[in-house]
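Keep in mind that what you see is a predicted model, and the values were worked out from it rather than measured. Proteins come first, then strands; the chains are lettered A, B, ... in the order of their sequence lines, and each starts at number 1.
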Protein chains: 2
Amino acid sequence: MSLDTRSFEHAEDRVPPKFDARWSLGPARGHVVAEGTGGRILEFEPRHTIIDETDAARCSYMILEGSVMISKMLPDGRRQIIELLGPGDVFGMTTTGIHESAADTLTPVRVTAYDRAAFERDGSLQLVFAERLKNQICALHDHAMLLGRKTARERVATFLMRLIPGRGGSGCLGPQADADRRSVTVALTRQEIADYLGLTLETVSRAFSQLKREGILSYGHHDAVTVTDVCRLCRQTGAH
Amino acid sequence: MSLDTRSFEHAEDRVPPKFDARWSLGPARGHVVAEGTGGRILEFEPRHTIIDETDAARCSYMILEGSVMISKMLPDGRRQIIELLGPGDVFGMTTTGIHESAADTLTPVRVTAYDRAAFERDGSLQLVFAERLKNQICALHDHAMLLGRKTARERVATFLMRLIPGRGGSGCLGPQADADRRSVTVALTRQEIADYLGLTLETVSRAFSQLKREGILSYGHHDAVTVTDVCRLCRQTGAH
DNA sequence: CGCGGACTTGATCTGTCTCAAGTGCCGTGG
DNA sequence: CCACGGCACTTGAGACAGATCAAGTCCGCG
């Protein structure tokens, strides 16, 4: 149901985006690591573009490693981050032949890219993708609920809960052992979190500060957050 | 990409919901019309429940005729309508074995219900569903943009544009012949539109009134709306 | 040391929600 | 046939969450 959130804990691996002509020009983005049966394995640095919103759709992708964000822009510049994806998730499928949303890396990413024509011919591959799509649809449903009906505070709490594997979902394990605290790494800037949650950067910042003041979170450096009381955070998500 | 919106134009067919024990009890909702190869064909009256949010998932469904809404509720009663579906669309798939959203009819509906176990075994059926899922994902992406970033006015304009087949999408035909006017039937109440667009009923009503005052819409009876200038409406959607 | 980027915090503004009437239509029953 | 009640919708007035505008702070880096 929820994202594999360990994938967002790679911020420490981040290196500053460095321009490399080989990675940015033409339709074949990314660094080809291996050619295989039907799929090429590509690698991308953090903060690089895999798909532009207007690209012709030549490939479908499955993530092997790292985190990818799918986003859309309105002509006046308003942006919405639609999905945050991790290992196993798929993107780039389309029925129109044109991608209608962009895909960018958050962390170092390795994907398998399947040529569209080859993909269409391979039924068993499509089944694998379809299975994954079901999960992603479920996440999109939850996210629609969040965007349409939750308060800013609930959105931020929900976002943070998704970063904690095994908690908050239908099969929540409850508090473990003694203390119910967990550390997570937030691989997104405040602006990106805002674009994901349908808020402004300031509102996201205020929600973080408020949760910190209440002792539910603690953090020094912005992307290394400790949730000091997971259950209490969970009760702020609106789902209880 | 967009919904097949002719499916929302059946309000005139509506009959008042009538209670019928056969339709409401137990897991096998709906009226079985035919048993077939792997799938049963079921019929439902307007405004009836196909799936409850907590149902165990026994079937996957494909719509043959009519409109279905998929929704979720928070424990405190806030509701979000996640998707509006028409003929060809599919729902009820899950990887968890539990449905996590409800499905209700808007109009008289005929669906094919595939037993979950049988469905899992039939690869070609899954491929048909997968193809359809791609379209629905695309619609969910657009809807996330709407919920996260559009104003009330833009949301309502976008909603109305989706009711006009062949217009507003990537392959928009532009104004036809002389006048650019179209009649649509809105099969949802203001409250349902609000729950779909992440607004309140009053805000939806005000947006309708405003568009009417500006001469972009006209309507007497609430569910029979004439868009008097489709292109002008389209320019209010935020997508231009 | 000074600059720039990401974040925080405060003050104010505003779009949407909330609360509260009021209207019109339709079906029911006298 | 008309009075009545209920439901969906409209409209207005005021409140409020979150947006916007504007300083700041903190930290890494050249």
A.B. asks: Rounded to the nearest angstrom, tell me the gap between atom CG in L199(B) and atom P in dA17(D).
C.D. replies: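 For the pair L199(B) CG and dA17(D) P, the rounded distance is 18 Å.
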
A.B. asks: Parallel, tilted or perpendicular: which one describes the rings of Y196(B) and H143(B), with boundaries at 30° and 60°?
C.D. replies: parallel

A.B. asks: For dT9(C) and S209(A) - does any side-chain N or O of the residue sit under 4.0 Å from the phosphate oxygens OP1/OP2?
C.D. replies: yes

A.B. asks: Whether T203(A) contacts dG18(D) is assessed here as follows: a side-chain N or O lying under 4.0 Å from the phosphate OP1 or OP2. Is that the case?
C.D. replies: no

A.B. asks: So do R167(A) and C231(A) actually touch side chain to side chain, heavy atoms under 4.5 Å?
C.D. replies: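 Sidechains of R167(A) and C231(A): in contact.
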
A.B. asks: Does dA8(D) have OP1 or OP2 sitting under 4.0 Å from an N or O in the side chain of Y219(B)?
C.D. replies: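 False: Y219(B) side-chain N/O out of range (4.0 Å or more) of dA8(D) OP1/OP2.
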
A.B. asks: Return the value, rounded to whole Å, for the distance between atom CG of L201(B) and atom P of dT18(C).
C.D. replies: 11 Å

A.B. asks: On DNA chain C, compare the nucleotides closest to R149(A) and V204(A); which residue's is nearer the 5' end?
C.D. replies: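 Whichever sits nearer the 5' end wins; that is V204(A).
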
A.B. asks: For H221(A) and dC27(D), what is the distance between atoms NE2 and C1' respectively, to the nearest whole Å?
C.D. replies: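 From H221(A) NE2 to dC27(D) C1': 6 Å.
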
A.B. asks: Sort out for me which residue in K72(A), E83(A), Q80(A) forms a side-chain hydrogen bond (donor to acceptor under 3.5 Å, both in side chains) with H141(B).
C.D. replies: E83(A)

A.B. asks: Classify the side chain of E202(B) versus the base of dC9(D) as yes if they form a donor-acceptor pair under 3.5 Å and no if they do not.
C.D. replies: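 It does not, because no donor-acceptor pair links the side chain of E202(B) to the base of dC9(D) below 3.5 Å.
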
A.B. asks: Looking at E192(B) and R47(B), is there a salt bridge between them, counting it only when a charged N and a carboxylate O are closer than 4.0 Å?
C.D. replies: yes

A.B. asks: Have a look at G198(B) and say if it touches a base, only the backbone sugar-phosphate, or nothing, with a 4.0 Å heavy-atom cut-off.
C.D. replies: sugar-phosphate

A.B. asks: Rounding to a whole Å, what distance do you find between L211(B):CG and dT10(D):C1'?
C.D. replies: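 Interatomic distance, CG of L211(B) to C1' of dT10(D): 15 Å.
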
A.B. asks: Between dG18(D) atom P and R155(A) atom CZ, what is the distance in whole Å?
C.D. replies: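 Taking atom P of dG18(D) as the reference, CZ of R155(A) is at 7 Å.
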
A.B. asks: Could you check which of dA19(D), dC21(D), dC7(C) has an atom nearest any side-chain atom of S205(A)?
C.D. replies: dC7(C)

A.B. asks: Would you name the heavy atoms of S209(A) and Y219(A) that are closest together and state the gap between them?
C.D. replies: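 Heavy-atom minimum between the residues: N-OH, 3.7 Å.
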
A.B. asks: Please report the distance, rounded to the nearest Å, between CD in Q210(A) and P in dG18(D).
C.D. replies: 10 Å

A.B. asks: To the nearest angstrom, how far is R213(B) atom CZ from dT10(D) atom P?
C.D. replies: 11 Å

A.B. asks: For dT9(C), does either OP1 or OP2 sit under 4.0 Å from a side-chain N or O belonging to R206(A)?
C.D. replies: no

A.B. asks: Within this structure, what is the CG-to-C1' distance between L197(B) and dG15(C), rounded to whole angstrom?
C.D. replies: 16 Å

